[in-house]
Amino acid sequence: MATINKKMFSHLNVEDDDPVWEKFAEVEFPKKNIFTDHKAYLLEDGLVRKYYINSTSDIDTEICAEFYFPGDIFTVEEKSSDTVYESINKGLAWEITLDEVKNLFAVNPHCRFVQNYYLSRKLNAAMKGKCSC
């Protein structure tokens, strides 16, 4: 069984002995894997893309929105039918349910992982809101 490469996720500022690390489950995924919803993922190896399916008339078009690289964290919330998180190649990630993240916040709102998780989501949303592309 593998262990999380904590150095790769040092930007989360979570101590090596923090109990949050034990909450993550290992996920080895194949190429073209579709990630399940209501989970946060720490991507250790591989490449994942987020895309939308734009259905116009009789043609479905994939519109790529984001790419995730080793060291990134991404969240698959409630999937809408047009948003897909798919691996481009095989790899390794660590998953935690969003319910578990909420429970961690309820138990300890000062948990660094939870604070950084919500901060990174707010910053990401703010950056998208200012994008004029």
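- A 4.5 Å side-chain heavy-atom check between V84 and I34 finds at least one atom pair inside the cut-off.
- A search for side-chain contact (heavy atoms from CB on, under 4.5 Å) contacts involving K31 returns nothing, not counting sequence neighbours.
- The distance from the CH2 atom of W94 to the CG atom of L43 is 12.5 Å, given to the nearest 0.5 Å.
- Interatomic distance, CD of E44 versus NZ of K6, reported as 11.5 Å (0.5 Å rounding).
- F29 pairs by the ring-ring contact (aromatic ring centres under 6.0 Å, His included) definition with F35, not counting sequence neighbours.
- Note that CG of D37 and OG1 of T83 are 11.0 Å apart. Values are rounded to the nearest 0.5 Å.
- The two residues V76 and L98 have their closest heavy-atom pair at O-CD1, 4.2 Å.
- Checked by atom type, the side-chain pair Y85/T75 shows no donor-acceptor distance below 3.5 Å.
- Taking the side chain as every heavy atom from C-beta outward, F9 and V14 never approach each other to under 4.5 Å.
- Atom CG in D45 sits 9.5 Å away from atom CD in E28 (nearest 0.5 Å).
- To the nearest 0.5 angstrom, D18 atom CG is 10.5 Å from K23 atom NZ.
- Nearest heavy-atom pair across P70 and G46 is CD-O, 3.3 Å.
- Contact check for V48 versus Y41: no side-chain heavy atoms found under the 4.5 Å cut-off.
- Contact annotation: the side chain of F69 approaches that of L47 to within less than 4.5 Å [non-hydrogen atoms, C-beta and beyond].
- With rounding to the nearest 0.5 angstrom, the CD atom of E26 is 10.5 Å from the CD atom of E95.
- With sequence neighbours excluded, no residue forms a side-chain contact (heavy atoms from CB on, under 4.5 Å) with S10.
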